[in-house]
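Only this structure's heavy atoms are used, side chains among them; waters, hydrogens and symmetry mates stay out. Order of the sequence lines fixes the chain letters, A, B, ..., with proteins taken first and strands second; residue numbering starts at 1 for each chain.
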2 protein chains.
Amino acid sequence: MPATIRDVARASGVHISTVSRAFSAPQLVNPETRSKVLETAEKLGYRPNRAARALITGRTHNIGLIVADIANPFFPPLIKAAEREARHRDYHVFVADSNEDPAVEEELVRALAKQVDGILLVSPRLANSIIEGLSREAALVVVNRQVPGLPSVVMDVSQGARSAIEHLAELGHRSIGYLGGPRGSWTNREIRRAATAAARTLGGPGDPVEVTALGPNAPTGDGGLIAAEQVHRAGFTAVLAYNDLMAIGLIEGLATLGVRVPQDVSVVGIDDIALSRLTRPGLTTVANPTAAAGRAAVDMLLQHGDDRRTTGQITLATELVIRDSTGPGPQGNADPG
Amino acid sequence: MPATIRDVARASGVHISTVSRAFSAPQLVNPETRSKVLETAEKLGYRPNRAARALITGRTHNIGLIVADIANPFFPPLIKAAEREARHRDYHVFVADSNEDPAVEEELVRALAKQVDGILLVSPRLANSIIEGLSREAALVVVNRQVPGLPSVVMDVSQGARSAIEHLAELGHRSIGYLGGPRGSWTNREIRRAATAAARTLGGPGDPVEVTALGPNAPTGDGGLIAAEQVHRAGFTAVLAYNDLMAIGLIEGLATLGVRVPQDVSVVGIDDIALSRLTRPGLTTVANPTAAAGRAAVDMLLQHGDDRRTTGQITLATELVIRDSTGPGPQGNADPG
DNA sequence: CTGAAAGCGCTAACAT
DNA sequence: ATGTTAGCGCTTTCAG
């Protein structure tokens, strides 16, 4: 049986409200009384019960973090950074995994809403209208997506996709595939759009750069592996993948088909997960500042306190990291068979 | 302002205790009354406030999960499985990252203790005596370690290490290095001990198998990378690493030194993280059932309710997965068992 | 600066 | 089967 505020009050000879103040409003209590109280509290191993405190203050000092798939290496650095940032502000984090299922995602928000001061929705698969509805049940910050009227943190995938296509075009590639991710992904749409748009501004007259989209695919190594044959048949000389996992799976699949990377086909990923510098060939990829995004999201959530309709949008820069999976394209050949 | 039990009571014309029972003791209430209550509750979007409930029942329906490093790919599958299992039992999970720091770990247990019904301590770096002390503040289940008197879930790393050494010995390796993990790791000690013991039972008379331990090292890709030169100088023909990450880092480091795997040196990892079948060469490794461990740990924690001194110990089998990072040793024995 | 009293939302005896 | 009452541990007026 843990010590309660009453035990501390009795042991230090003051009223419970004084003990309460010693913890939550130090300036309202005599320094001597305060230190005496804190000392007894320490001795008894007393810690204020947050549930009781929450009941009256309305603030739980907890936040929720909902991700599509904890096991996808994109998320852990973000989770880690968010948890760390939250803890430094004396918040605890509920982590929940929707398993890529929008319905589960929605239910998780509802289930967590009462227990937290706000929820971070990372890479949500939900429709905008539903997210807007949910934002009335809990303060929401959306990561990796933009929803009108809601605070969000995104990484600049458009710019990243553009850099990737520019890099490939400079290497001489003219027929580029975009290996798309899951249906309903905001990021997927942004990448496709930006990559296609970038292609139009590149290449000379009579020497167009073409980007062709494939998908949807599962955003996993297997998703890339399975797509290898399709990529091979399509005859692209370079491929941009929705994420690193798919890119690595693709490279693996291509190897099985006797296609070498980067000699025969160049491959670019997105994310720069830890793994990407450990594979061979090292993966050329668009680095996403996931840890910074996690911190920024917690920041936004906690900064604005109770005011749920902040519309702040943060965009974090991405950066192309060139490793060994990209190389020169076919010279003087705009459209290889 | 979310609906409270009082709103539901008023709207459905019953007393609040009836509403309470409709949710937490359905058999005590008239089915018709119950369905009417649930209907109004649904309409008002009412959800019982868990903090208020916890205050009186003493059960929060939350559990804590403390890991050394969320970003280490060993943990996410375990976290994911534990969270899923917990949610199916209507529990939410606080995830916290100790950053490999025992002091942080201890503080996390203390901070979480009041808010949860129990805590899963995964790969704890804390001394036994401290863990035992903490077990008085919260129900604890220890994963990846055994602590006298506490329930625990471990994967059979001893058997795994033995299989690995046997595999290498059969391939003809006689001088094997063990690339150790972090200081204070229970798993590290177990592996070292089992590998050394296995070596003694192998090899013929006048043909001993030797296992030499190196370390401690950081349990990361960099840890393995940095150790490559030391491994090379020591002249081992095969190496068992504390985990896959280190094994992959080691392979990378050896490649830099012009040492080929498996032609010049064989490497075996432990864990079978997702990454290990995506690298080249594919990593031979001891597969750890991390997801099963996560589920089992939640199971143990919730099964025993309030009785904190269960001493159940679960050991989950491991399995050697042979891929391409191991090959014949200097004796040229190409075809094992 | 400290104490007294009320009450957050809910459950658990105890009545009826 | 339902209502009444007390109170979980804490914060927050309001007095003094």
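- The listed nucleotides are D:dA1, D:dG9, D:dT11; the one nearest the side chain of B:Asn30 is D:dA1.
- Where B:Ser17 and B:Ala52 meet DNA chain C, the nucleotide closest to each residue was compared, and B:Ala52 sits on the side nearer the 5' end.
- Under the 3.5 Å distance criterion, with hydrogens and angles disregarded, a donor-acceptor pair is assigned to the side chains of B:Arg145 and B:Asn128.
- Following rounding to the nearest Å, A:Ile5 (CD1) and C:dA5 (P) show an atom-to-atom distance of 17 Å.
- The aromatic rings of A:Phe94 and B:His92 sit perpendicular to each other, their planes meeting at more than 60°, with 30° as the lower class boundary.
- For B:Ile56 and D:dC8, the CD1 to P distance is 9 Å, given to the nearest whole Å.
- Across all strands, A:Ser20 comes closer than 4.0 Å to base atoms (heavy-atom distances).
- Nearest nucleotide to the B:His15 side chain, out of D:dG3, D:dG9, C:dG3: D:dG3.
- Nearest to the side-chain atoms of B:Thr18 among the listed nucleotides C:dC10, D:dT2, C:dT2 stands D:dT2.
- With rounding to whole Å, B:Ile16 atom CD1 is found 13 Å from D:dA6 atom P.
- As rounded to whole Å, 12 Å separates atom P of C:dA13 from atom CG of B:Leu28.
- For B:Arg21 against D:dG3, a side-chain N or O and a base N or O form a donor-acceptor pair under 3.5 Å.
- Across the interface with DNA chain D, nearest-nucleotide mapping of B:Gln27 and A:Ala51 shows B:Gln27 to be the residue nearer the 5′ end.
- When rounded to the nearest whole Å, the span between CZ of A:Phe23 and P of D:dG9 equals 16 Å.
- Nucleotide C:dC8 holds its P atom 12 Å from the CG atom of B:Asn49, rounded to whole Å.
- Here the side chain of B:Leu55 is nearest to one of C:dC10, C:dA12, D:dG9, namely D:dG9.
- One interatomic measurement links the two molecules: CZ of A:Arg34 to C1' of C:dT2, which rounds to 16 Å at whole-angstrom precision.
- If you check every strand for non-hydrogen atoms under 4.0 Å, A:Val14 touches sugar and phosphate atoms only.
- Residue A:Thr33 places its side chain closer to C:dC1 than to any other of C:dG9, C:dA4, C:dC1.
- In this entry the distance linking CZ of A:Arg53 with C1' of D:dG9 reads 11 Å, nearest Å.
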Go through the steps for B:Lys36 and B:Glu32 under the test side-chain contact (heavy atoms from CB on, under 4.5 Å), then give the verdict.
CA-CA 6 Å; B:Lys36 186 179 61 188; B:Glu32 290 177 27; over 6 Å; no
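- For B:Arg87, the CZ atom sits in a packed shell: over 12 heavy atoms of surrounding residues, nucleotides or ligands are nearer than 6.0 Å.
- Contact annotation: side chain of A:Arg50 to base of D:dG9, donor-acceptor pair absent below 3.5 Å.
- Remark: B:Arg110 engages B:Glu137 in a salt bridge, criterion side-chain N to carboxylate O under 4.0 Å.
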